[in-house]
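One structure is given here, and the rest of the page talks about it.
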Amino acid sequence: MKPNDYHVSMDALASLCKRRGFIFQTSEIYGGINGFWDYGPLGVELKRNIKESWWKSVVQTRENVVGLDSSIIMHPKVWEASGHIGNFKDPMLDCRETKGRYRADQISVLKHKTDDSALMFAFHEEASEPAEKKVKKLAKGDVADYETVPLLDIPVENYDRLVGPETNEPGTLTEPRAFNLMFKTFVGPVEGSASVAYLRPETAQGIFAQFGNVHAVSRQKIPFGIAQIGKAFRNEINPRNYTFRSREFEQMELEFFIEPGTDAEQHEYWVTERLKWYEKVGLPEGRMHRDIHEGDALAHYASACTDIMYDFPFGTQELEGIAARGNFDLTQHQECSGKKLEYLDDESKERYIPHVIEPSAGVDRIALALLCEAYRVEWIPKGGGEVLTAEPGVERAPEGYEARTVLRFAPCIAPYKVAVFPLLKNKEELVGKAREVFEQLNERWTCFYDHAGAIGRRYRRQDEIGTPLGVTIDFDTLEDDTVTVRDRDTMEQVRMPISELETYIAERVRF
RNA sequence: GCGGGUGUAGCUCAGUGGUAGAGCUUCACGUUGCCAACGUGAUUGUCGUCGGUUCGAAUCCGAUCACCCGCUCCA
């Protein structure tokens with residue numbers, strides 16, 4: 001498949017998605033709420049197809065991957081073990097210059113006892129020595145004139161005179177902010193610290209927490225995987241770019257447990273596998289990229305992480321992260337729960353905590369990428385001839401052309417597979433036959449029946465929602481039981497017997 | 001979180017203090033023998049929300065919410 005050379009504007013896409021029922025703002029009648037979206041009749045079909053295709057590719061067709069559906073709210077200790085609470089319950093601040101990040105409660109400040117306009121020097125816990133040197137060097141002052149106060153006692157207005165722990169410049173520290181992005185709730189009717197729980201910020205921890213049970217019942221040997229699709233919640237500071245960064249979203253995650261030492265080859269294997277899948281669902285190679293994390297960008301426990309990126313109209317952004325996480329998660333859960341999460345290798349009789357490769361994909365981001373990729377406006381010459389791709393931002397067709405908006409979804413993920421039309425609605429025989437064909441096909445695929453208005457208008461309406469095939473019942477049908485099948489992309493038609501329809505469609509739309 | 005912009009019918013938008021509008025869409029009927037045809041008719045709005053000024057507010061003022069752009073953030 002060729003990359004779409006049409007550049008959709010996010011406004012035009014959002015407008016179509018609302019008009020045709022892909023995506024609505026949540027609780028719109030109350031003014032909406034930032035970072036939450038609803039999927040309409042077409043959007044829900046699109047997402048179902050994405051999830052089904054992923055499940056087939058990652059679970060169904062692999063004997064060594066099994067599924068799981070864990071609960072959204074889990075024991076709060078799960079998030080202590082995973083590090084989601086510990087790292088982020090405290091206010092953090094950043095240094096703009098060194099990119100360092102500090103816990104505000106661990107930073108102290110050397111402040112002049114009397115001169116409020118003097119420079120102040122931040123330092124980390126008890127390591128006051130560098131700050132004392134800076135007092136002499138930068139402020140030409142005497143440490144005896146300075147007192148040590150907690151950073152949290154310094155008003156934010158005075159941060160422009162505050163020198164960060166690892167710089168010599170004042171004013172590089174940001175305001176301390178609470179960085180816990182987990183949604184908090186309470187289990188049971190009484191709100192109190194004992195009943196605090198969290199909406200999961202990722203589905204992965206549900207898999208790690210059930211590793212023992214799943215392994216015990218599934219008769220799997222390493223390497224094997226546990227996969228899960230489900231909602232996750234992150235209280236993002238700033239949701240942006242339509243549905244791209246939402247506070248409630250759906251993940252498709254695989255934890256693939258492996259023998260230590262095979263991390264690199266297994267990681268590369270899954271990156272390749274996943275890229276093949278993206279191509280299959282309609283995201284062309286030319287628009288996909290690997291972002292390979294190295295050095296500081298890599299979590300301390302990870303040996304590799306590759307983001308799979310797509311060229312969105314608003315920039316190249318992550319659809320999926322594939323991380324080699326070592327045995328960090330299982331080790332953490334083993335320690336925090338006190339339950340063994342080891343694997344016994346039957347042949348070598350060795351016990352070890354498995355390492356894991358984690359491909360973690362965002363359903364909503366993939367849906368958005370597919371919409372961006374599929375959307376295009378074409379200019380069709382009225383007298384026949386070459387179809388042009390509309391110029392970016394100019395949707396009105398030039399003289400002699402008419403515009404066609406079309407979603408060129410890969411057939412396997414299109415919300416409707418087939419539309420069925422009687423050529424005319426006021427001829428009972430045509431309508432009756434069309435209903436018959438529709439009901440036959442609708443048993444097998446999501447189909448759409450329409451008899452309203454001119455046939456051309458009905459074709460174009462289906463183009464705009466990406467239905468790949470249109471079956472039309474005309475007067476010849478009544479004579480010889482043949483129909484025309486119209487292709488969304490070429491707009492060309494072939495005539496075939498109704499008896500051959502199912503085979504033909506199955507070939508065109510299979511996952 | 002900061003700065004700027006926007007908010008009127010399902011969509012795109014006009015309307016600068018005095019009767020709420022257009023085009024498209026949708027629906028019905030008629031017409032229509034394959035690519036957004038035509039005719040007739042119909043539905044659609046607390047003018048984002050709340051408050052203030054005014055005899056009177058879509059219009060002026062304030063707050064708030066949502067969306068967009070740029071910074072910031074993104075375990």
Notebook entry, point to check: Considering heavy-atom distances to RNA chain B, does I380(A) or Q317(A) have its closest nucleotide positioned more toward the 5' end?
Noted result: I380(A)
Next item on the list: Provide, to the nearest angstrom, the distance between the CZ atom belonging to R458(A) and the P atom belonging to rU25(B).
Entry: 15 Å
Next item on the list: Both distances under 3.5 Å, Watson-Crick or G-U wobble: report the partner of rA58(B), or none.
Entry: none
Check: Where is the tightest heavy-atom contact between K47(A) and A367(A), given as atom of each residue plus distance?
Finding: CG-CB, 4.4 Å
Margin query: To the closest 0.5 Å, what do you measure between OG1 (T203(A)) and CD1 (I226(A))?
Written below: 11.5 Å
Margin query: Let's test your reading of the model: under 3.5 Å, does the base of rC65(B) pair with the side chain of Y30(A) as donor and acceptor?
Written below: no
Checklist line | P spacing across the pair rC71(B) / rU12(B), given as an integer number of angstrom | finding: 26 Å
Next item on the list: With P as the reference atom in both, quote the distance from rC35(B) to rC67(B) in angstrom, rounded to an integer.
Entry: 43 Å
Margin query: Under 3.5 Å for both donor-acceptor distances, Watson-Crick or wobble: does rU40(B) have a partner, and if so which one?
Written below: rA28(B)
Next item on the list: Ignoring backbone atoms, test whether R457(A) places a side-chain nitrogen or oxygen under 4.0 Å from the OP1 or OP2 oxygen of rU26(B).
Entry: yes
Note to self: Using 0.5 Å steps for rounding, measure from the CG atom of L368(A) to the OG1 atom of T243(A).
What the structure shows: 4.0 Å
Next item on the list: Measure centre to centre between the rings of F312(A) and Y310(A), then say whether the value is under 6.0 Å.
Entry: yes
Check: So, is T405(A) close to the rA36(B) phosphate, meaning a side-chain N or O under 4.0 Å from OP1 or OP2?
Finding: no
Item checked: Spacing between L423(A) atom CG and rU32(B) atom P, to the nearest angstrom -> 12 Å
Item checked: d(CG, L16(A); C1', rU12(B)) in whole Å -> 13 Å
Next item on the list: Confirm from the modelled atom types if S15(A) and rC11(B) form a donor-acceptor pair under 3.5 Å, side chain to base only.
Entry: no
Checklist line | Selection from rG10(B), rA36(B), rC34(B) that lies nearest to any side-chain heavy atom of K18(A) | finding: rG10(B)
Item checked: D450(A)/R457(A) salt bridge by N-O under 4.0 Å criterion -> no
Notebook entry, point to check: Does R19(A) have a side-chain nitrogen or oxygen under 4.0 Å from the phosphate oxygens OP1 or OP2 of rU26(B)?
Noted result: no
Item checked: Candidate nucleotides rA66(B), rC73(B), rG33(B), ranked by approach to the side chain of D476(A) - the nearest -> rG33(B)
